[in-house]
J.: 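The structure that follows is given in the form of structure tokens.
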Amino acid sequence: MKFPNRILSGIQPTGVPHLGNYFGAIRNWVELQDCSTSKIIVSIVDLHAITVPQDPYMLQQNTVEMAQSLLACGIKDDQILFRQSTIPQHSQLAWILFCKTPVGWVNRLHQWKTKSEGLDGHLGLLSYPVLQAADILLYRATQIPVGEDQAQHMNLTTMIAKSFNSHYKTEMFPIPRALYCKSKLILASTASKRLMSLKDPTKKMSKSDPNANSRIMINDAESEIQKKIRKATTDSIQGITYDPINRPGVSNLINIIRSIRNVDVQTEFAHLSNKEFKDRVADELVAYLGPIRQKWVELQRESQYIEQVLARGEQEARQIAESTLKDVHRCIGLP
Ligand code: AMP
Ligand code: TRP
């Protein structure tokens, strides 16, 4: 059977995204949306978020801020943007898939091992990737744009889909294809696949770093961007060169510009001092993020509109989800 193309991705409700999230994931969705003939589906995965401890108020707040940010970044309001937990079929299909997934398949995944360190590894965390498979299969999605860190989860989803289809001798689910988001900085054949922390360029730029100066947020004001870039860790070598091993800080700043546009480091930057170079990086970022920040600020007063977009997304998601779950129930002998 030929399944229609359907692009789907998911993102955790972590509030306002940083530059790494944007270049590593969100921008790719915006580009795909613009060249896709069908609506793309973006799920804000609040059920995945509760696999680690969450403050209830913050979870609520961060979910809305993520929706606001996705719209500010260019996800159009007529696509299917919704909160995972509002569609109970995600949990229902996940349960069915739990019953089809050997424990060994999930036991060996890295993320579970890393995240459960120091926590009482509970079943939610162990089951995280099966819920992710349910997110994808529920919509019979065919293309899944994700970061390369999701490769194991994508392989598991493929295994679950294939084993379901073959066990029931059915073509219930298409085998989804991961589109690994090669952001432009990766295409530029850099050593780093990630944007790194501005304060410690050997670590990835991350929401959980206690130092807020280590990351640029997509809604940072001009003065914040300038301050953070000025304070970014570099080195005392003269001139600007791309050398991720020996000059990780400078190379990370080059990667930031490379994420925005093609650069020829030699002709454009080699002669600049560190300070001049940082001013250039800040200027380019301010210009690039300006329209995103402006939209973000406008949406700040539009909480009703954001709710409407989510409610409409939920309605469309529900139709697809109900239909798939009905098919699955019929297939396995449930009412
Ligand atoms: P997270 O909330 O950290 O799981 O990030 C969500 C997605 O954003 C990941 O799947 C990655 O694709 C992307 N991402 C996160 N941090 C970075 C980073 N420092 N550089 C590039 N991409 C990132
Ligand atoms: N695990 C993904 C991440 O951390 C988020 C996610 C949940 C997802 N469900 C998904 C991504 C379905 C793609 C498709 O980034």
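The structure presented is a predicted model; accordingly, all values stated were derived computationally and were not measured. Read the numbers this way: they start at 1 and go in the same order the structure lists the ligands and their atoms.
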J.: Can an N or O of Gln150 be found at a distance shorter than 3.5 Å from an N or O of ligand 1?
T.: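 No, no N or O pair falls under 3.5 Å.
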
J.: Under 4.0 Å, heavy atoms only, figure out whether ligand 2 is touched by the backbone of His48, its side chain, both or neither.
T.: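 Side chain only.
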
J.: Within a distance under 4.0 Å of any heavy atom of His18, pick out the atoms of ligand 1 and give their elements.
T.: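 Going through ligand 1 atom by atom, the ones under 4.0 Å from His18 are 16 (N).
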
J.: Is there a donor in the side chain of Tyr288 and an acceptor in the side chain of Glu284, or the other way round, less than 3.5 Å apart?
T.: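 Their side chains do not contain a donor-acceptor pair, so the 3.5 Å distance test is not met.
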
J.: Same cluster or not: are Met172 and Trp95 linked, directly or through other Ile, Leu, Val, Met, Phe, Trp or Tyr residues, by side-chain heavy atoms under 4.5 angstrom apart?
T.: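 Result: yes, single cluster for both.
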
J.: Between Glu316 and Arg312, does at least one N-O distance fall below 4.0 Å, as a salt bridge requires?
T.: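 The answer is yes: the pair qualifies as a salt bridge.
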
J.: Using a strict 4.0 Å threshold on nitrogen-to-oxygen distance, state whether Asp149 and Lys204 make a salt bridge.
T.: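 Looking at Asp149 and Lys204, the cut-off is not met.
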
J.: Taking Glu222 for its side chain and Val286 for its backbone only, find out whether a donor-acceptor pair lies under 3.5 Å.
T.: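 No, the answer is negative, given that no donor and acceptor are paired below the 3.5 Å cut-off.
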
J.: Could you list the atoms of ligand 2 found under 4.0 angstrom from a heavy atom of Gln150?
T.: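 By the 4.0 Å cutoff, the relevant atoms are 1 (N), 2 (C), 3 (C), 4 (O), 15 (O).
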
J.: Looking at non-hydrogen atoms alone, which of Leu19, Thr14, Asn21 comes nearest to atom 6 (C) of ligand 1?
T.: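 When every heavy atom of Leu19, Thr14, Asn21 is considered, Asn21 comes closest to atom 6 (C) of ligand 1.
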
J.: Going by an N to O cut-off under 4.0 Å, is there a salt bridge joining Asp283 and Arg280?
T.: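 Looking at Arg280 together with Asp283, the answer is no, because their closest N to O distance does not fall below 4.0 Å.
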
J.: Hey, are the side chains of Leu289 and Asp220 touching, using non-hydrogen atoms and a 4.5 Å cut-off?
T.: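 No. Closest side-chain heavy atoms not under 4.5 Å.
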
J.: Is the contact between Asp149 and ligand 2 made by the side chain, the backbone, both, or neither, using heavy atoms and a 4.0 Å cut-off?
T.: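 Neither; nothing of Asp149 gets under 4.0 Å from ligand 2.
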
J.: Distance under 4.0 Å to a non-hydrogen atom of Gly147: what atoms of ligand 1 satisfy this?
T.: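 With Gly147 as reference, the close atoms of ligand 1 come out as 12 (O).
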
J.: Which of the atoms in ligand 2, numbered in the order shown and given with their element, are less than 4.0 Å from a heavy-atom of Val146?
T.: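 Counting from 1, the qualifying ligand atoms are 11 (C), 13 (C).
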
J.: So, regarding Gly20 and ligand 1 (criterion: nitrogen or oxygen to nitrogen or oxygen, under 3.5 Å), is there a contact or not?
T.: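 N/O-N/O distance below 3.5 Å exists for this pair.
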
J.: Show which atoms of ligand 2 fall inside a sub-4.0 Å distance from at least one heavy-atom site of Val45.
T.: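 So the answer, numbered in order with elements, is 7 (C), 9 (N).
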
J.: Heavy atom to atom 14 (C) of ligand 2, shortest distance: which of Leu8, Thr14, Asp135 holds it?
T.: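 The residue whose heavy atom sits nearest atom 14 (C) of ligand 2 is Leu8.
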
J.: Purely on distance, is any nitrogen or oxygen of Asp149 under 3.5 Å from one on ligand 1?
T.: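 Between Asp149 and ligand 1 (N or O atoms, distance only) the closest approach is under 3.5 Å.
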
J.: Just wondering, do Ile332 and Phe164 contact through their side chains at under 4.5 Å, heavy atoms?
T.: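 When only atoms from C-beta onward are counted, Ile332 and Phe164 do touch, with a gap below 4.5 Å.
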
J.: At a non-hydrogen distance cut-off of under 4.0 Å, which region of Ile11 contacts ligand 1 (side chain, backbone, both, or neither)?
T.: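 No part of Ile11 is near ligand 1 at this cut-off.
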
J.: Run the contact test for Leu195 against ligand 1 with a 4.0 Å cut-off on heavy atoms, strictly below, and give the result.
T.: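 Contact check Leu195 vs ligand 1: positive.
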
J.: Identify, by atom number and element, the atoms of ligand 2 in contact range of Ile144, meaning under 4.0 Å from any of its heavy atoms.
T.: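 Ligand 2 atoms under the 4.0 Å threshold to Ile144: 13 (C), 14 (C).
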
J.: Check salt bridge (Lys or Arg N to Asp or Glu O under 4.0 Å) between Asp55 and all other residues, then give those that pass, not counting sequence neighbours.
T.: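 In terms of salt bridge (Lys or Arg N to Asp or Glu O under 4.0 Å), with neighbours along the sequence ignored, Asp55 is linked to no residue.
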
J.: Looking at ligand 1, would Met196 count as a contact under a 4.0 Å heavy-atom criterion?
T.: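 Distance cut 4.0 Å: Met196 fails for ligand 1.
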
J.: Go through the structure and list residues passing salt bridge (Lys or Arg N to Asp or Glu O under 4.0 Å) with Arg293, not counting sequence neighbours.
T.: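 Result, salt bridge (Lys or Arg N to Asp or Glu O under 4.0 Å) vs Arg293: none returned.
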
J.: Would you say Ser9 and ligand 2 have an N/O pair spaced under 3.5 Å apart?
T.: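 No; the residue has no nitrogen or oxygen that sits under 3.5 Å from a nitrogen or oxygen of the ligand.
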
J.: Give me the atom names and distance for the closest heavy-atom approach of Ile7 to Pro145.
T.: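 Closest approach of Ile7 to Pro145: CG2-CD, 3.7 Å.
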
